[in-house]
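Right, one structure below, let's go through it.
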Protein chains: 2
Amino acid sequence: MNSGKPTVFVVDDDASFLTAITRLLRAGNYSYQTFTSATEFLKTPPMDEPGCIIVDLHMPGPSGLELQDTLEKGGNPLPIIFLTGHGDIPTSVHALKQGAEDFLTKPVKRATLFAAIERALARDAREREQRSRRRELRARFGALTPREREVLSHVVRGQLNKQIAGDLDASERTIKAHRANIMAKLQVRSVAELVRLSQEAGING
Amino acid sequence: MNSGKPTVFVVDDDASFLTAITRLLRAGNYSYQTFTSATEFLKTPPMDEPGCIIVDLHMPGPSGLELQDTLEKGGNPLPIIFLTGHGDIPTSVHALKQGAEDFLTKPVKRATLFAAIERALARDAREREQRSRRRELRARFGALTPREREVLSHVVRGQLNKQIAGDLDASERTIKAHRANIMAKLQVRSVAELVRLSQEAGING
DNA sequence: CCGGCTATTGTCCTTTGGTGCAGTACGGGA
DNA sequence: TCCCGTACTGCACCAAAGGACAATAGCCGG
């Protein structure tokens with residue numbers, strides 16, 4: 001498990017700013033890692049490390065917004081806190097709508113930054129939890145055969161075995177067999193649990 | 001039903017701005033209504049009218065942000081679009097985090113404004129739909145007696161009648177009776193539907 | 001070619017769920 | 001005081017679900 005202390009990733013091309021902020025982070029007892037460009041940041045390993053990102057808007061190479069886009073498309077993005085000296089309102093609005101955790105302006109007050117970091121880390125933990133749960137469920141559903149999935153979709157709609165049998169043009173006995181397999185593979189013991197699990201996994205509507 | 005054309009409510013103390021924007025709205029074929037202060041807006045009937053709000057930040061009396069707060073506490077808020085000439089980043093961030101649909105700056109381009117309005121109206125329709133559905137469900141759940149609710153919570157956890165009977169210290173027959181009542185009152189015919197409905201209504205967790 | 005997985009179905013039996021019919025008991029409102 | 005809703009329960013019956021044991025058939029990879 002990768003459940004160590006979360007890391008604050010700082011991406012900023014301004015060396016003096018990096019110095020200042022790392023001092024702050026050290027004082028706040030945060031683990032951190034710095035990068036001087038989005039490109040440099042993206043080169044690091046796929047990084048499934050918990051944490052958050054503090055990023056400047058304007059940098060040589062990809063901007064902060066572009067970094068956000070890229071990470072988002074990547075799948076499991078870390079929460080992003082923008083921290084910039086030359087932002088404007090449309091940009092901040094865009095960033096937030098894109099899912100940024102916060103958009104702060106330099107100079108930033110220590111308390112403000114720390115509060116934002118805490119929110120970002122909390123959010124990351126929450127989302128990480130959810131993603132992992134979801135992956136786990138997807139895996140279980142992945143073990144189902146196509147036919148079983150078909151049966152499942154009818155079961156969670158509350159249909160009786162005989163109805164399902166009719167719909168799928170099979171005998172009731174067959175449905176019972178599939179049903180038993182489904183329950184076993186998904187590790188549930190009641191229809192109620194089955195429905196809940198399906199909902200959680202985002203299967204069926 | 002209050003399903004007529006949605007209304008764009010404009011709250012701004014600047015008369016010349018109101019003139020300009022209403023001209024725009026008319027051109028865009030929107031129904032609208034104007035107010036020169038948050039107070040004036042809040043005096044209007046409870047307003048369960050579909051639509052959205054375009055509001056200035058700084059006005060005599062309550063500011064746009066305060067109006068947002070008030071509406072939010074009120075229960076069924078309309079989506080809010082801030083439109084201001086003198087905003088700053090922290091304010092825009094705050095407004096968006098508070099749930100504003102958008103935060104635009106004057107002067108605003110016609111297309112930008114219309115796009116924002118469309119998003120806001122779409123969102124309102126969606127939320128309105130959801131709220132109404134939820135209210136309907138709550139009403140059904142409201143018809144349940146305390147004891148029935150108790151039984152329900154066990155049922156949706158997938159417990160057997162005999163287990164529920166044990167937990168609630170009653171006979172299995174009694175549980176069956178409650179269960180039948182529940183199914184009737186909630187208008188469902190299967191446990192699957194029951195679980196889905198409970199989830200949707202935000203009951204049990 | 002064989003073992004394993006999937007899909008299919010059958011019979012038999014047990015456990016659960018659901019319903020009809022009936023009766024007791026309590027508390028509040030007409 | 002009487003009626004109604006709520007809660008509770010028993011008996012009997014039927015329907016549905018689920019498990020046990022078993023078998024057939026097609027497909028795929030070793």
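We name chains A, B, ... by the order of the sequence lines, and we start the count at 1 in each one.
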Query raised in the report: Could you give all pairs that pass the ring-ring contact (aromatic ring centres under 6.0 Å, His included) test and reach residues 170-190 of chain A, with sequence neighbours left out?
Result: none

**Report entry** Annotated protein contacts, base or backbone, on nucleotides 18-30 of chain C with a non-hydrogen cut-off under 4.0 Å, one of B, S, - each
**Finding:** BBBB---------

Requested in this report: Can you sort out the partners of A:Tyr30 under ring-ring contact (aromatic ring centres under 6.0 Å, His included), two or more places apart, ordered by chain and number?
Outcome: A:Phe114

Query raised in the report: Backbone N or O of A:Val156 within a donor-acceptor pair of the B:Arg196 side chain at under 3.5 Å?
Result: yes

Report task. Considering only heavy atoms of chain B and a distance under 4.0 Å, specify the first and last nucleotide of DNA chain D in 5' to 3' order that meet this criterion. Result -> D:dT6 to D:dC11

Report task. Take A:Arg131 and A:Asp48 through the test salt bridge (Lys or Arg N to Asp or Glu O under 4.0 Å) and record every step on the way to the result. Result -> CA-CA 12 Å; A:Arg131 279 198 295 267; A:Asp48 195 18; 5.5 Å; no

Report summary line: For A:Leu197 and A:Leu186 the tightest heavy-atom approach is CD2-O, 3.7 Å

Report task. For DNA chain D, determine which residues of residues 162-171 of chain B have any heavy atom closer than 4.0 angstrom to one of its atoms, and list them numerically. Result -> B:Ala170, B:Ser171

Requested in this report: Calculate the interatomic distance between A:Leu152 atom CG and C:dA7 atom P; express it in whole Å.
Outcome: 13 Å

**Report entry** Between C:dG17 (P) and B:His178 (NE2): distance, integer Å
**Finding:** 16 Å

Report task. Compare all side-chain heavy atoms of B:Phe82 with those of B:Val55 and state whether any distance is below 4.5 angstrom. Result -> yes

Report task. Could you tell me whether A:Thr174 contacts a base, only the sugar-phosphate backbone, or nothing, with contacts defined as non-hydrogen atoms closer than 4.0 Å? Result -> base

**Report entry** Under the side-chain hydrogen bond (donor to acceptor under 3.5 Å, both in side chains) test, residues paired with B:Gln130 that sit two or more places apart
**Finding:** none

Requested in this report: Give a yes or no on whether the backbone of A:Glu49 and the side-chain of A:Arg128 come within a donor-acceptor separation of less than 3.5 Å.
Outcome: yes

Query raised in the report: Are any side-chain N or O atoms of A:Glu40 and backbone N or O atoms of A:Thr36, one a donor and one an acceptor, separated by less than 3.5 Å?
Result: yes

Requested in this report: Nearest 0.5 Å please: distance from the CG atom of A:Leu67 over to the CG atom of A:Asp56.
Outcome: 11.0 Å

Requested in this report: Would you mind reading off the distance between A:Ile175 atom CD1 and C:dA7 atom P, rounded to a whole angstrom?
Outcome: 11 Å

